[in-house]
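Here the structure comes first, spelled out in structure tokens, and everything after it is commentary.
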Amino acid sequence: MTKPHFTKMDFIIYSFIIMAVLGAGLEKTKAEDSVQIKKQEILDLAKANTTNTENLKEVREQLDELVQELTENKSAVTEEQWSLYSPGSWRQVWSDEADNSPAGSPARNLDKIFQFVTEQGRAVNFGERLLPDDQAITFALEAVGQVSGNVQTTTILKAFSRPRGLQKGELLSEMSADILSGDLQDFQVIELGEFPKGPINAQSGLTILYLDEDLKVGTAPNVYTGVIEMFVLERVDSVH
């Protein structure tokens with residue numbers, strides 16, 4: 001068998017190819033590292049201000065800038081991405097959402113707001129409310145959603161509650177199954193009224209700005225005021 005003969009020119013060409021491949025790999029790694037760094041900056045800022053309602057405008061401005069940098073030169077979130085990443089359990093780590101509850105309602109515990117989404121677009125939003133005697137109760141809203149492009153439109157269907165707060169380690173999937181199955185064991189249906197006097201049949205459209213396996217960021221107009229509010233959520237399995 002004749003051995004291949006490499007000329008000086010062949011060597012130069014192959015060297016350029018190898019350098020190009022290595023360079024592309026390094027650029028990809030740098031881009032991926034940049035995304036992770038920016039995601040962490042968003043989560044760090046959000047978590048540092050989860051319960052702080054005194055600086056909502058300032059934090060929102062910083063988050064707007066960070067999210068813009070994160071999504072720069074990226075295509076809009078697709079329905080395929082939503083199907084891949086959105087189902088499962090999430091914790092809301094920051095929002096500038098106004099409290100639309102009637103006057104005198106128990107105060108929100110901003111540190112304990114969660115969401116569970118099924119592959120079919122059904123969802124349950126959980127929130128803890130604090131009573132004057134330091135006791136807590138859990139509210140839950142069953143919802144159904146549909147996605148078109150990067151907009152998730154959600155309609156509230158029913159409201160539920162239970163006479164204790166969200167407990168550390170509780171699985172959001174199990175709590176949601178109690179509600180979505182209709183075989184209530186832990187929660188009970190409560191009447192909160194039809195929109196606009198209550199949340200039932202209220203509909204909102206969340207524009208998803210960024211979504212992957214562990215971070216979801218979106219904005220939606222407040223159903224009462226129309227003000228665009230931001231929501232930052234991280235992937236979790238249980239209450240913590």
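At least one side-chain heavy atom of S173 sits under 4.5 Å from a side-chain heavy atom of F116. When side chains are defined from C-beta on, Q68 does not count as touching E72, because their heavy atoms never get closer than 4.5 Å. Contact of the Q115 side chain with the Q92 side chain is not registered, since no non-hydrogen atoms from C-beta on lie closer than 4.5 Å. Annotation: side chain of S204 is in contact with side chain of V223 (closest heavy-atom distance under 4.5 Å). Contact annotation: the side chain of S238 approaches that of L171 to within less than 4.5 Å [non-hydrogen atoms, C-beta and beyond]. By the 4.5 Å heavy-atom criterion applied to side chains, K39 and L70 are counted as neighbours.
Cluster membership for L45 and I113, using ILVMFWY side-chain heavy atoms within less than 4.5 angstrom, is not shared. I156 and F160 fall into different hydrophobic clusters, where Ile, Leu, Val, Met, Phe, Trp and Tyr residues are linked whenever their side-chain heavy atoms come under 4.5 Å apart, directly or through other members. Under the 4.5 Å side-chain heavy-atom criterion for ILVMFWY residues, no single connected hydrophobic cluster contains both L166 and F139. Criterion: ILVMFWY side-chain heavy atoms under 4.5 Å apart, direct or through other members. Under it, M175 and L157 are not part of a common hydrophobic cluster.
Taking NZ of K47 as the reference point, atom CD of E234 lies at 3.5 Å (rounded to 0.5 Å). Considering CG of N109 and CD1 of I137, their distance stands at 12.0 Å, rounded to 0.5 Å. A distance of 13.0 Å separates CG of L209 from NZ of K74, quoted to the nearest 0.5 Å. The structure places CG of N49 at 12.5 Å from OG of S95, a figure rounded to the nearest 0.5 Å. Note that the CG atom of L66 and the CD atom of Q40 stand 11.5 Å from one another [nearest 0.5 Å]. Here the straight-line distance linking atom CZ of R60 with atom CD1 of I228 works out to 8.0 Å at 0.5 Å rounding.
Between G205 and P221, the closest heavy-atom pair is O-CD, 3.6 Å. Here the closest non-hydrogen pair linking E170 and Q167 is OE1-N, 2.7 Å. What you find for R129 and S105 is that their closest heavy atoms are NH1-CB, 4.5 Å. The minimum heavy-atom distance between Y224 and N222, with the atom names listed, is N-OD1, 2.8 Å. L141 and P199 get closest at one heavy-atom pair: CD2-CG, 4.3 Å.
None of L110, L56, V217 except one satisfies the side-chain contact (heavy atoms from CB on, under 4.5 Å) rule with W94; the exception is L56.
A donor-acceptor pair under 3.5 Å is formed between the side chain of Q81 and the backbone N or O of T78. A donor-acceptor pair under 3.5 Å is formed between the side chain of D96 and the backbone N or O of M230. Put simply, the side chain of E128 never gets that close to the backbone of T138: no donor and acceptor are under 3.5 Å apart. Here the side chain of N55 pairs no donor or acceptor atom with the backbone of E58 at under 3.5 angstrom. Counting only distance, with no hydrogens or angles, the side chain of T50 and the backbone of V93 share a donor-acceptor pair below 3.5 Å.
Listed by chain and number, the hydrophobic cluster partners of I37 come to none, as no ILVMFWY side chain reaches under 4.5 Å of it. If you chain together ILVMFWY residues whose side-chain heavy atoms come under 4.5 Å of each other, V77 ends up grouped with W82, L84, Y85, W90, V117, V147, L206, I208, L211, F231, L233.
The environment of NZ in K158 is sparse: at most 12 heavy-atom neighbours from other residues, nucleotides or ligands sit within 6.0 Å. Within a 6.0 Å sphere centred on CG of D134, heavy atoms belonging to other residues, nucleotides or ligands number 12 at most. Within 6.0 Å of CD on Q146 lie no more than 12 heavy atoms contributed by other residues, nucleotides or ligands. More than 12 heavy atoms of other residues, nucleotides or ligands shown are found within 6.0 angstrom of CD on E213.
For R91 and D111, the salt-bridge test passes: some basic side-chain N is under 4.0 Å from an acidic carboxylate O.
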Applying side-chain hydrogen bond (donor to acceptor under 3.5 Å, both in side chains), run through Q152 and K216 and close with a yes or a no.
-> CA-CA 12 Å; Q152 173 187 306; K216 177 162 59 175; 4.7 Å; no
Could you list the donor-acceptor pairs under 3.5 angstrom formed between side-chain atoms of residues 184-195 and any protein atom two or more places apart in sequence or on another chain?
| unit_1 | atom_1 | unit_2 | atom_2 | d |
| --- | --- | --- | --- | --- |
| Q185 | NE2 | D183 | OD1 | 3.2 |
| D186 | OD1 | R164 | NH1 | 3.1 |
| D186 | OD1 | R164 | NH2 | 3.1 |
| D186 | OD2 | R162 | NH1 | 2.7 |
| D186 | OD2 | R164 | NH2 | 2.9 |
| E194 | OE1 | N201 | ND2 | 2.6 |

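Between the side chains of R108 and S101, no donor-acceptor pair of N or O atoms lies under 3.5 Å.
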